[in-house]
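What follows is a set of notes on a single structure, which appears directly below.
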Amino acid sequence: MRIGRLPLDEQLAALRTVLGANPTLTTVLHGARALDLPGWWVAAGAVVQTIWNHVTGRDPEHGIKDYDLVYYDPSDLSWEAEDRAIRAGAELFGDVPVEIRNEARVHLWYEERFGVPCPPYESAEDAIDSFPSTTSSLGVRLTPSGRWKVYAPYGVADAFGLVLRPNPRQAPRHVYEAKVARWTEEWPELTALPWP
């Protein structure tokens with residue numbers, strides 16, 4: 001039976017196995033745990049793309065450009081504070097492409113970059129809820145004891161089913177469509193649902 005059709009608890013157990021097969025992802029998870037940024041998750045592309053690679057029989061790291069490490073620290077919204085986290089990550093991760101972002105400050109630059117305003121997020125989970133595709137709205141982290149935690153507000157069935165579903169909550173249509181174009185080039189098996 002396909003993983004996306006299993007009961008949710010079995011999907012989550014399979015997810016841990018699938019993600020654990022990507023050695024770079026597990027390295028990033030261990031490094032992120034060491035950085036211990038507030039409210040952190042390794043999220044989005046690298047997580048869902050590891051799933052797609054498993055389902056399509058590709059190498060676990062195929063097509064992954066970078067690893068998104070999101071966190072939430074509203075205590076200091078300055079670029080300098082976020083840059084300190086980015087530099088600490090660069091020192092820790094070396095050549096591994098890890099993109100670190102403080103989701104508490106996204107509203108400060110989002111409109112200039114994407115053309116629409118963004119209300120301040122209330123948490124890293126709130127930010128993940130608004131990613132351009134519900135399919136990539138996934139986050140994983142390791143607890144201090146080594147237990148995997150998963151944040152999947154829209155579930156994981158679409159990821160295992162190779163379905164791209166738009167999320168119009170925040171991102172504009174052109175952002176979703178740009179992601180669809182890149183992702184379907186790397187993973188032509190994906191079915192992209194149209195923007196509503």
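What you see below is based on every heavy atom in this structure, not just the backbone, and it leaves out hydrogens, waters and symmetry mates. Computed from a predicted model, the values in this text were never measured in an experiment. The residues of the chain are indexed from 1 along the displayed sequence.
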Look only at the side chain of [X] and the backbone of [Y], and say whether a donor-acceptor pair between them is shorter than 3.5 Å.
X    : Y    : result
D83  : W79  : no
Q170 : P117 : yes
E111 : V116 : no

Looking at T135, T56, T191, which hits side chain to side chain contact (heavy atoms under 4.5 Å, CB included) with L162? T56
Among T50, V98, V96, the one residue meeting side chain to side chain contact (heavy atoms under 4.5 Å, CB included) with T24: V96
Are any non-hydrogen side-chain atoms of [X] and [Y] less than 4.5 angstrom apart?
X    : Y    : value
V55  : W52  : no
Y154 : L138 : no
S137 : N167 : yes
L142 : R147 : no

Membership question, hydrophobic clusters at under 4.5 Å side-chain separation (ILVMFWY): are V42 and I86 in the same one? yes
Hydrophobic cluster membership, with links at side-chain heavy-atom distances under 4.5 Å among I/L/V/M/F/W/Y: are W148 and L15 in one? yes
Can you confirm whether E122 is buried at CD, in the sense that more than 12 heavy atoms of other residues, nucleotides or ligands lie under 6.0 Å from that atom? no
Quick test of your reading of the model: are R141 and D36 salt-bridged, counting only N-O distances below 4.0 Å? no
Using a strict threshold of under 4.0 Å (side-chain N to carboxylate O), is an ion pair present between E91 and R87? no
Tightest non-hydrogen contact, residues P132 and Y176, listed as O-CD1, 3.5 Å
Taking the inter-plane angle between the rings of W109 and F114 on a 0 to 90° scale, is it parallel (under 30°), tilted (30 to 60°) or perpendicular (over 60°)? tilted
As an exercise, state the distance from CZ of R101 to OH of Y71, rounded to the nearest 0.5 Å. 9.0 Å
Calculate, to the nearest 0.5 Å, the distance between atoms CZ and CG belonging to R105 and D76 respectively. 9.0 Å
May I ask you to check whether H62 and W187 place their ring centers less than 6.0 Å from one another? yes
